Visitor: 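Pasting a structure here, questions to come.
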Protein chains: 2
Amino acid sequence: MAKRLTRAESRERTRERLLAAAAELFAERGVNGTSVEQIAERAGYTRGAFYGNFEDKHELVVELLAQRRAREAEEITALAEGVGSFEEMLRRLRAWHVERARHLPEWFVLRAELTLYALRNPSARPLVGAGELEARALLEGGISAELARRGARPPADPGFLALIVHALEDGLLRQRYLIPDGIGDDVVVDALELLMRSWSAGAQSPT
Amino acid sequence: MAKRLTRAESRERTRERLLAAAAELFAERGVNGTSVEQIAERAGYTRGAFYGNFEDKHELVVELLAQRRAREAEEITALAEGVGSFEEMLRRLRAWHVERARHLPEWFVLRAELTLYALRNPSARPLVGAGELEARALLEGGISAELARRGARPPADPGFLALIVHALEDGLLRQRYLIPDGIGDDVVVDALELLMRSWSAGAQSPT
DNA sequence: GTCTATATGGTGATAGAC
DNA sequence: GTCTATCACCATATAGAC
């Protein structure tokens with residue numbers, strides 16, 4: 001009864017634990033500042049287990065990077081999937097950011113660490129660009145659709161608008177993390193609403 | 001004739017060289033990935049010179065951080081100083097970003113590295129927040145003034161508008177660095193113009 | 001102030017027992 | 001697959017000559 005895991009499952013579980021431990025430590029101390037031993041130790045193993053599951057530290061970092069990118073992509077698609085109205089989208093976005101706010105420091109620092117690592121490792125670099133472009137494309141569709149619904153002519157190339165919104169989201173999270181004072185969970189959504197309102201001004205009947 | 005430097009100047013020169021070498025290496029390999037020996041070597045010295053001028057690596061990083069922050073502050077103030085019109089401001093900003101674009105990779109990565117370092121060292125953390133707030137305050141004044149000049153009512157709290165513009169600038173540089181394709185030197189200024197136009201729409205006579 | 005030499009300790013990665 | 005033991009290497013920081 002104690003053991004109901006196949007060998008593959010057990011191995012997968014160990015890898016998962018090592019990856020999770022590494023994610024924590026990378027956020028705390030940086031990729032370069034974290035030793036293999038620390039990773040193994042926090043996951044509840046020794047170095048032997050680490051090298052039994054990963055070729056070397058580099059392989060683990062790349063896998064962590066790919067894993068995070070895949071999860072982010074899933075979340076974004078789930079967020080956009082089957083959304084009815086712009087208001088519903090905003091509601092979902094708001095909830096998403098409330099949730100994210102709870103892990104903002106770890107998330108932000110880990111992403112920065114992994115990005116820097118990827119930038120220095122040509123083989124991993126494509127991973128960073130792909131996610132950004134995907135998000136931008138989704139945004140572009142959403143923005144165009146909503147502006148059309150409001151009967152507003154886009155004030156610039158929709159691709160540019162999407163870039164702006166995307167960059168703004170990034171930048172706001174950075175600011176929020178560096179100086180949390182006075183920046184609440186809703187900044188990103190509030191800013192998005194403001195921009196959409198500005199960009200569709202003149203198309204709506206004034207109250 | 002060969003030596004016209006006082007002792008203090010000579011010392012200062014060595015410190016400067018070590019700091020400059022460290023800045024390069026930190027961008028290339030990360031703060032943690034750079035050894036004291038590499039710094040000394042690139043600056044044209046050996047470790048002895050390093051420890052003769054800095055207590056340890058930590059002291060050098062903190063000084064580099066403070067130096068960069070001070071320069072950034074100078075540049076921003078110079079940019080805003082004695083500016084006549086919004087158009088002139090945009091022209092200056094454009095030139096500034098063209099110049100910055102030439103060193104974008106190093107600048108961006110070094111800033112990320114130093115920020116991460118500061119976040120993990122409580123004594124250095126205040127340094128990061130201060131610069132951000134200063135920039136935001138300057139922006140707020142400029143935005144308010146320009147909107148007033150155009151006879152437009154700010155579409156939201158000016159502090160919020162400044163936060164948006166500030167965050168947008170940050171985010172755009174990140175995007176531009178990660179995926180340079182199709183993002184030119186002028187993005188930031190173009191985006192700023194678009195926002196200001198959107199926010200002052202309705203106040204101007206239509207053509 | 002800058003050098004060389006050295007003390008001391010941590011690191012990634014391997015070998016081989018279980 | 002996970003362990004312990006071990007290797008070769010590189011790090012920070014110090015000591016003492018010049």
Side-chain angles (χ1 to χ4, degrees), chain A residues 2-26 28-65 113-114 116-117 120-121 123-124, chain B residues 2-22 24-26 28-65 113 116-117 120-121 123-124:
Chain A
K3 194 154 172 30
R4 300 188 130 277
L5 269 53
T6 68
R7 237 162 280 184
E9 282 168 344
S10 165
R11 182 185 164 85
E12 202 42 54
R13 202 184 52 157
T14 304
R15 280 179 77 93
E16 246 355 282
R17 285 180 178 167
L18 287 167
L19 284 164
E24 285 181 25
L25 285 160
F26 289 168
E28 290 171 20
R29 321 162 53 89
V31 175
N32 259 315
T34 301
S35 73
V36 171
E37 178 160 34
Q38 290 168 330
I39 296 172
E41 189 188 13
R42 178 159 311 186
Y45 300 91
T46 59
R47 260 170 299 174
F50 181 94
Y51 285 107
N53 284 279
F54 294 95
E55 191 66 27
D56 53 18
K57 196 174 152 186
H58 175 76
E59 192 196 297
L60 174 132
V61 180
V62 172
E63 180 151 334
L64 187 58
L65 187 58
E113 285 286 342
L114 293 178
L116 285 171
Y117 188 91
R120 296 191 178 109
N121 291 268
S123 65
Chain B
K3 194 150 170 32
R4 300 188 131 276
L5 269 53
T6 68
R7 235 163 281 184
E9 283 167 344
S10 165
R11 182 186 164 86
E12 203 41 54
R13 204 183 52 156
T14 303
R15 280 178 77 93
E16 250 349 287
R17 285 180 178 167
L18 287 167
L19 285 165
E24 285 181 27
L25 284 159
F26 289 169
E28 289 170 22
R29 321 162 52 90
V31 175
N32 260 316
T34 301
S35 73
V36 170
E37 177 158 37
Q38 290 169 330
I39 296 172
E41 189 188 14
R42 179 157 310 186
Y45 300 91
T46 59
R47 262 168 299 173
F50 181 95
Y51 286 106
N53 284 279
F54 294 96
E55 191 66 28
D56 53 18
K57 197 173 149 187
H58 175 75
E59 192 197 298
L60 174 132
V61 180
V62 172
E63 181 152 334
L64 186 58
L65 186 59
E113 285 286 343
L116 284 172
Y117 188 91
R120 295 190 179 110
N121 291 268
S123 65

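Reminder, nothing fancy here: chain letters follow the sequence lines and each chain counts from 1. Note that the structure is a prediction, hence the values are computed from the model and not measured.
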Visitor: Distance-only criterion, 3.5 Å: show the donor-acceptor pairs between side-chain atoms of residues 40-48 of chain B and protein atoms not counting sequence neighbours.
Guide:
unit_1  : atom_1 : unit_2  : atom_2 : d
B/Arg42 : NH1    : B/Glu24 : OE1    : 2.8
B/Arg42 : NH1    : B/Glu28 : OE2    : 2.8
B/Arg42 : NH2    : B/Glu28 : OE1    : 3.2
B/Tyr45 : OH     : B/Thr14 : OG1    : 3.3
B/Tyr45 : OH     : B/Arg17 : NH1    : 3.2

Visitor: Without decimals, in angstroms, what is the distance between B/Glu37 CD and D/dT14 P?
Guide: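 Checked: the CD to P distance equals 16 Å.
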Visitor: Please state how far atom CZ in B/Arg13 lies from atom C1' in C/dT2, giving the value in whole angstrom units.
Guide: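 Computing the B/Arg13:CZ to C/dT2:C1' distance gives 13 Å.
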Visitor: Can you measure A/Tyr45 atom OH to D/dG1 atom C1' for me and round it to whole angstrom units?
Guide: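 Distance, rounded to whole Å: 10 Å.
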Visitor: With sequence neighbours left out, write down each residue that passes salt bridge (charged side-chain N to carboxylate O under 4.0 Å, His left out) with A/Arg29, or none if nothing qualifies.
Guide: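 Not a single residue meets the salt bridge (charged side-chain N to carboxylate O under 4.0 Å, His left out) criterion with A/Arg29.
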Visitor: Under the rule for side-chain contact (heavy atoms from CB on, under 4.5 Å), what residues qualify as partners of B/Ser35, not counting sequence neighbours?
Guide: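 In terms of side-chain contact (heavy atoms from CB on, under 4.5 Å), with neighbours along the sequence ignored, B/Ser35 is linked to B/Glu37, B/Gln38.
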Visitor: Could you tell me whether a side-chain N or O of A/Glu59 sits under 3.5 Å from a main-chain N or O of A/Phe54, the two making a donor and an acceptor?
Guide: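 No, the answer is negative, given that no donor and acceptor are paired below the 3.5 Å cut-off.
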Visitor: Please report the distance, rounded to the nearest Å, between CD1 in A/Ile39 and P in C/dT11.
Guide: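 Going from CD1 in A/Ile39 over to P in C/dT11 covers 11 Å.
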Visitor: Going by ring-ring contact (aromatic ring centres under 6.0 Å, His included), name the residues that satisfy it together with B/Tyr51, two or more places apart in sequence or in a different chain.
Guide: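 B/Tyr51: no ring-ring contact (aromatic ring centres under 6.0 Å, His included) contacts found.
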Visitor: Using the salt bridge (charged side-chain N to carboxylate O under 4.0 Å, His left out) criterion, which residues pair with A/Glu12? Sequence neighbours excluded.
Guide: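 By the salt bridge (charged side-chain N to carboxylate O under 4.0 Å, His left out) rule, A/Glu12 matches no residue at all.
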Visitor: Can you see if the side chain of A/Thr46 gets near the phosphate of D/dT2 - specifically, an N or O under 4.0 Å from OP1 or OP2?
Guide: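 No.
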Visitor: Are any of A/Asn53's side-chain N or O atoms less than 4.0 Å away from OP1 or OP2 of D/dT2?
Guide: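 Yes, A/Asn53 has a side-chain N/O under 4.0 Å of OP1/OP2 on D/dT2.
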Visitor: Starting at the 5' end of nucleotides 13-18 of chain C, put B wherever the base has a protein heavy atom under 4.0 Å, S where only the sugar-phosphate does, and a dash everywhere else.
Guide: BB----
Visitor: Can a side chain N or O of A/Thr14 be found less than 4.0 Å away from OP1 or OP2 on D/dG1?
Guide: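 It does not, given that no N or O in the side chain of A/Thr14 lies less than 4.0 Å from OP1 or OP2 of D/dG1.
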Visitor: With a non-hydrogen cut-off below 4.0 angstrom, is A/Ser35 in contact with a base, only sugar-phosphate, or nothing?
Guide: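 If one applies the 4.0 Å heavy-atom cut-off, A/Ser35 turns out to touch the sugar-phosphate alone, with no base involved.
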Visitor: In whole angstroms, how far is the P atom of C/dT2 from the CZ atom of B/Arg15?
Guide: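 Going from CZ in B/Arg15 over to P in C/dT2 covers 11 Å.
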